[in-house]
Amino acid sequence: MNKINDKEEFIINYIRSNNKFILSSELIDELVKKFPKTTKANARKTISNLKKKNEIISSEPIIFSNNSYAYALRNKKVNYKNLEYLIKKYKNKLYRAVCLIKRQKGIITYNELAKITAGVTSKFGNNLEIEQIIKDLNYFKIGIQQEYKGITFIVSNNISIYDLDQKILQLEKENKIIFHMLSWLKDINIINPDGQFTFKGKGNNFKGIENGNLIWDAFFFTNTSGISNYKDSDRKTIGIVDFSYKTEYDWLDAEGLKDRVNIFINSTKNQKRKVFPIIFADKVTNAAKKLIKENNYMCVDIKKILGNNYEKIISQYIEIENKEKIDIDEVDKICNLIGSNANYGNIKGNLFEYMMGEVFRKIYNEIGNNINHSIIIEGKEIDYRIETITENIYIELKAYKKETEIKLGNKQQKNTVNWAYQVVFEAFKKHFKNDKNRKCKFCYITTAKFEDKAIERLENLNTGKLRSEKLDCYYDREKLINLLKEYNCKKEIKIIKNYF
């Protein structure tokens, strides 16, 4: 039997009276208070000896501040239940991670964990790494890392493949919503009209955007940061986005954002970064509102921008995206849900493309014809390529309101006739130049109208060698409706007249 001295007995009794894990710093302070001549180094030695004698256990591998452990009597187990009160107080990032997993019913993404915890992606000062948080979750058997379809999840033990597929569907919806919210920021000049933005999506396996060793839902630069006469006013402000639509934006979301912003601002040596945080959320709790107000963050209600039925619109749109054959009635339903909301321009444009795909299949219904949608050539998107026995037809589609006028422009100006003809069509011709059996043809279709100079140019093309056998080189709104009448596309005509 191990002999216990007075100091060791005091530690044992102190832990017994509290009946829980105690931080080593507290044990040291109490021991020094009881035995004033004892140094802190000796106090640490006393605790170490007790552990060696197997009278107490440490919280290893769970570390608290200053790389120290908590201690309890040997009958205690090192589990989350026994350490929760200490984790809540001293390891708030880990605590937020546990709260997140509970809130999300046992399935979260790497992106969500990184945001909530403000964990860094690699060693960076004294900041906690995401990998360490994942290790702690794994030790407590609260969550384990799992890769599925290229996406990194942290899941509890009872998660099924069906649950993961449903989560991916949710991520795809989020991707669409974020894009439209960022497009709105561009419309109101928070993101410069010619500026770029990056955001989480399929391209980064929904991990999000990494910048400054931190993870963000979206990242952009902006000049919209107030007016100042100071010399640094020319520095671009960094815009970062925090997004939540399926669950309430709560205190743990706001604290995670605050921690990330603070790390990011102070991560440069010479001067602090200028940061513009924006929260996009469906619902926000009072606790989160308090933190948002205290930190002067911008918070935007998604419903105020995309309407109350935005989730229904996005869900139905994704269903159409995943179908090989488009039901024109479904296109009509979504357009009706969108109504006059201008913030769905991208979706309406894509719906028009899907609808025209079905029209092209009516026009080119002969065996051997191929219709390819949204192909990329030399980094440029071709809306449709129609391949017949004798032709490769380039199709440019623009779904605008009827009063919009498409300019002739030049090859430097996107969304103009000359950009399509001199830049994108040239890349198209170059790509298919070795196809000796087929001639390249040009066709520009819009629900709007062309300016006079553009029509003159398009008419010249139409009388030359670029006109295909079945399609003219251009169709404005009036000509398009006549084309649809020719092929008995009554529903398509109704959609164009009602929604474009």
Side-chain angles (χ1 to χ4, degrees), residues 176 179-195 197 305-307 313 317 328 331-332 334-360 373-374 380-384 394-425 442-462 471-485 489 491-500:
K176 303 283 189 232
F179 174 81
H180 284 85
M181 295 302 290
L182 290 169
S183 297
W184 171 74
L185 288 180
K186 215 168 189 180
D187 289 342
I188 63 174
N189 205 37
I190 287 180
I191 301 176
N192 300 336
D194 57 347
F197 53 77
I305 308 305
L306 299 182
I313 291 170
Y317 174 72
I328 195 66
V331 174
D332 186 36
I334 298 177
C335 286
N336 185 51
L337 285 171
I338 293 172
S340 60
N341 191 322
N343 295 309
Y344 287 99
N346 180 261
I347 281 183
K348 287 179 74 174
N350 289 343
L351 290 173
F352 176 67
E353 288 184 19
Y354 296 145
M355 182 182 81
M356 288 305 299
E358 297 307 309
V359 173
F360 296 143
H373 178 223
S374 189
K380 299 166 184 68
E381 185 178 11
I382 314 297
D383 292 330
Y384 277 97
Y394 163 91
I395 304 289
E396 178 79 12
L397 296 172
K398 292 296 177 189
Y400 296 140
K401 292 181 179 179
K402 62 181 178 181
E403 60 269 18
T404 302
E405 190 174 71
I406 297 174
K407 305 295 184 183
L408 174 63
N410 57 53
K411 62 182 182 181
Q412 281 78 42
Q413 295 173 303
K414 291 185 177 182
N415 301 320
T416 63
V417 170
N418 273 334
W419 165 264
Y421 175 62
Q422 295 180 350
V423 178
V424 189
F425 182 58
F442 178 87
C443 182
Y444 198 125
I445 300 173
T446 181
T447 57
K449 59 186 177 181
F450 297 99
E451 69 169 351
D452 291 342
K453 288 189 293 184
I455 289 178
E456 184 179 344
R457 177 65 164 150
L458 291 165
E459 282 289 356
N460 286 336
L461 296 179
N462 207 43
L471 292 174
D472 286 348
C473 283
Y474 79 99
Y475 290 87
D476 59 12
R477 188 183 188 88
E478 184 179 350
K479 283 187 67 179
L480 174 58
I481 288 174
N482 287 334
L483 176 70
L484 295 175
K485 285 179 180 176
C489 300
K491 292 180 179 179
E492 289 83 349
I493 293 171
K494 176 191 168 190
I495 288 171
I496 290 173
K497 287 184 175 180
N498 287 345
Y499 306 116
F500 295 95

Counting only heavy atoms from other residues, nucleotides and ligands, does the tally under 6.0 Å from CD of Glu403 exceed 12?
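More than 12 heavy atoms, drawn from other residues, nucleotides or ligands, come within 6.0 Å of this atom.
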For atom CD of Gln413, is the number of surrounding heavy atoms from other residues, nucleotides or ligands below 6.0 Å larger than 12?
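Correct, the count exceeds 12.
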Which atom names give the shortest non-hydrogen contact between [X] and [Y], and what distance separates them?
X: Gly307; Y: Asn341; answer: N-ND2, 4.0 Å
X: Asn410; Y: Thr416; answer: O-OG1, 3.5 Å
X: Lys348; Y: Ala399; answer: O-CB, 4.4 Å
X: Asn192; Y: Asn189; answer: CA-OD1, 4.2 Å
X: Lys398; Y: Thr446; answer: O-OG1, 2.9 Å
X: Ala448; Y: Thr404; answer: CB-O, 3.2 Å

Stepwise side chain to side chain contact (heavy atoms under 4.5 Å, CB included) test for Ile334 and Ile313
CA-CA 6 Å; Ile334 298 177; Ile313 291 170; 4.2 Å; yes
Among residues at least two apart in sequence or on other chains, which ones pass side-chain hydrogen bond (donor to acceptor under 3.5 Å, both in side chains) with [X]?
X: Lys479; answer: Asp472
X: Lys411; answer: none
X: Lys491; answer: Asp329

Do [X] and [Y] come close enough that some side-chain heavy atom pair is under 4.5 Å?
X: Asn346; Y: Lys176; result: no
X: Ile495; Y: Phe352; result: no
X: Phe442; Y: Leu458; result: yes
X: Asn350; Y: Tyr317; result: yes
X: Asp476; Y: Ile406; result: no
X: Ile481; Y: Arg477; result: yes
X: Ile382; Y: Val424; result: yes
X: Asp452; Y: Glu456; result: no

Does Asn343 reach the main-chain N or O of Leu306 with its side chain, forming a donor-acceptor pair under 3.5 Å?
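Checking the backbone N and O of Leu306 against the side chain of Asn343, no donor-acceptor pair under 3.5 Å is found.
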Kindly say whether Met356 contributes a backbone atom to a donor-acceptor pair with the side chain of Glu492 at under 3.5 angstrom?
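The answer is no, because no donor-acceptor pair under 3.5 Å joins these two groups.
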Please report the C-alpha distance between Phe179 and Phe197 in whole Å, then the side-chain angles of each, then the deciding distance to 0.1 Å, and finally whether the side chain to side chain contact (heavy atoms under 4.5 Å, CB included) criterion is met.
CA-CA 9 Å; Phe179 174 81; Phe197 53 77; 4.2 Å; yes
Measuring from [X]:[atom1] to [Y]:[atom2], what's the distance to the nearest 0.5 Å?
X: Tyr499; Y: Leu337; atom1: OH; atom2: CG; value: 9.0 Å
X: Leu397; Y: Glu353; atom1: CG; atom2: CD; value: 5.5 Å
X: Ile347; Y: Ser183; atom1: CD1; atom2: OG; value: 10.0 Å
X: Cys489; Y: Leu483; atom1: SG; atom2: CG; value: 7.5 Å
X: Lys407; Y: Glu451; atom1: NZ; atom2: CD; value: 5.0 Å

Cys335 and Asn498: CA distance, side-chain angles, deciding distance, side chain to side chain contact (heavy atoms under 4.5 Å, CB included) verdict:
CA-CA 9 Å; Cys335 286; Asn498 287 345; over 6 Å; no
Can you tell which of Tyr474, Phe450, Phe425 makes a ring-ring contact (aromatic ring centres under 6.0 Å, His included) with Tyr444?
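So, applying the ring-ring contact (aromatic ring centres under 6.0 Å, His included) to Tyr444 and each of Tyr474, Phe450, Phe425, only Phe450 qualifies.
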Taking it one step at a time, do Leu484 and Ile496 satisfy side chain to side chain contact (heavy atoms under 4.5 Å, CB included)?
CA-CA 10 Å; Leu484 295 175; Ile496 290 173; 3.5 Å; yes
